[in-house]
Amino acid sequence: MAKLLITGGAGFIGTHTSLVLLEAGYDLIILDSFINSSPIALKRVSQISGLNSTELARRLKTYTGDIRDLDFLENIFKTCGQEGNPIDAVIHFAGLKSVDESVKNPLLYWDVNLNGTKTLLTAMEKNNCRTIVFSSSATIYGKAQSIPIQETAKIQPINPYGKTKAAIENILSDLTGINPNWRIACLRYFNPVGAHPTGLIGENPLGTPNNLFPVINQVAINKLKVLKIFGGDWPTPDKTAMRDYIHIMDLAEGHLAALNYLQNSTPELITLNLGSGKGYSVLEVVSEYQKVCRKKLPFEVVNRRQGDSAISIADPSKALTKLGWQTKRTLNEMVRDGWNWQVKNPKGYLEEERK
Ligand code: NAD
Ligand code: WQD
């Protein structure tokens, strides 16, 4: 079975996708600096996979290091090659993802996201590995002109984080010009949420969360006093902003579908929205949470957050046509699985890290 390098494989999307890929039979090399994740997450992936220790030793290897370090990357490619089991493809999650932090420290974001990716692509070129699935983001559409958003919509990111993602998509496009053998999928994720249904892996924000689902989780366990709803004057039916939330397991399965597509078609660069095509308002999400966790969640409507837009909803039809992939899970499952993870791991992976 093919061997994959998963950069950032210990993170939120990386862990869930690694699990799906392991279950599909792929052998994995997970590379992570653990700057925003925990090795415990990978222990949990192994646990859920049900593989025994011999199978795990053979099929899942972990390297700790930074994607900006070319020697480190080259060493991984060389070692796999020498073992007679070269890396066939890369799923590239590693990077920094906070919009706020990117505004405060744009140089860090350009360095990690852009230079990191450039270094990775250099190592891939040198080692004749030319298949990559890249984590792009719907954030590159900025304030979209029309809803639902198609892949052909204007790319107009409004923050440094989004600009790094758009720039990486450009680099990837340029690569196909110098070597037509590249097989590239740029996956533009909408709003990934929820957790694996076992509650063993999930989103583990370090510090105070900014995103809606982790914030609601913390309000529901009284770690945060109140949910501040950013804006009650948006042009939507209930006046709160609408997003296309996608269950993390649907997103993980989207990566498997994209990889299978790349491996079975002629080389190409494909750009796809990964979203559900449905939008929910902040108040609708709060209402679903209240049903699932059976308590009233305190909230107040405050001013709009800078950079937010009224509505972001994907047109996911291209992914269905090309990959045969579409989301299967409902908002209720997103909330239920996200809440289950929170209840089982009120401090994320911290408690097990201390053991
Ligand atoms: P995450 O922070 O949980 O995972 C990223 C992983 O990359 C972490 O484990 C982190 O330790 C690792 N990492 C960071 N810098 C690194 C470096 N220089 N070298 C090696 N490893 C490094 O984030 P996530 O939510 O899993 O996101 C994965 C990817 O998807 C990111 O590229 C992100 O920009 C993109 N994305 C995320 C979302 C989202 O809402 N979560 C939406 C769209 C796109
Ligand atoms: C969702 C909705 C908020 C928190 C972000 C990134 C984007 C992508 C996905 C990486 C919005 C509202 C939120 C709160 C609120 N990530 N909200 N109170 O902003 O759509 O997208 O994650 O690529 O780049 O920007 O997601 O979860 O922050 O917000 O009212 O405390 O919830 O205004 O309408 P967003 P989010």
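What's counted below: heavy atoms across the whole structure, side chains too, no hydrogens, waters or symmetry copies. Whatever order the structure lists them in is the order used to number ligands and atoms, beginning at 1.
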**Prompt:** So, is L212 polar-close to ligand 2, with some N/O to N/O distance under 3.5 Å?
**Reply:** yes

Note: ligand 1 atoms sitting under 4.0 Å from heavy atoms of S136 are 43 (C), 44 (C)

Residue set satisfying salt bridge (Lys or Arg N to Asp or Glu O under 4.0 Å) with K126, at least two apart, ordered chain then number -> E74

V112 heavy atoms within 4.0 Å reach ligand 1 at atoms 15 (N), 18 (N)

* Asked: Any non-hydrogen atom of G116 lying under 4.0 Å from ligand 1?
  -> no

Note: heavy atom closest to atom 10 (C) of ligand 1, options D32, I6, I91, belongs to D32

Any heavy atom of Y245 under 4.0 Å from ligand 2? The part involved is side chain

Within the 4.0 Å heavy-atom cut-off, what Y161 brings close to ligand 2 is side chain

Atoms of ligand 1 under 4.0 Å from any heavy atom of S37, numbered from 1 in the order shown, are 8 (C), 9 (O), 11 (O)

Counting only nitrogen or oxygen atoms and a 3.5 angstrom limit, does I35 reach ligand 1?
yes

re atom 4 (O) of ligand 1, the protein heavy-atom contact at minimum distance is G11 CA, 3.4 Å

- Query: Judging by distance only, is a nitrogen or oxygen of N191 under 3.5 angstrom from one on ligand 2?
  - Reply: yes

What do you reckon, are the aromatic ring centroids of F93 and H16 less than 6.0 Å apart?
-> no

Ranked by distance from atom 17 (N) of ligand 2, the top protein heavy atom is F230 CD1, 3.6 Å

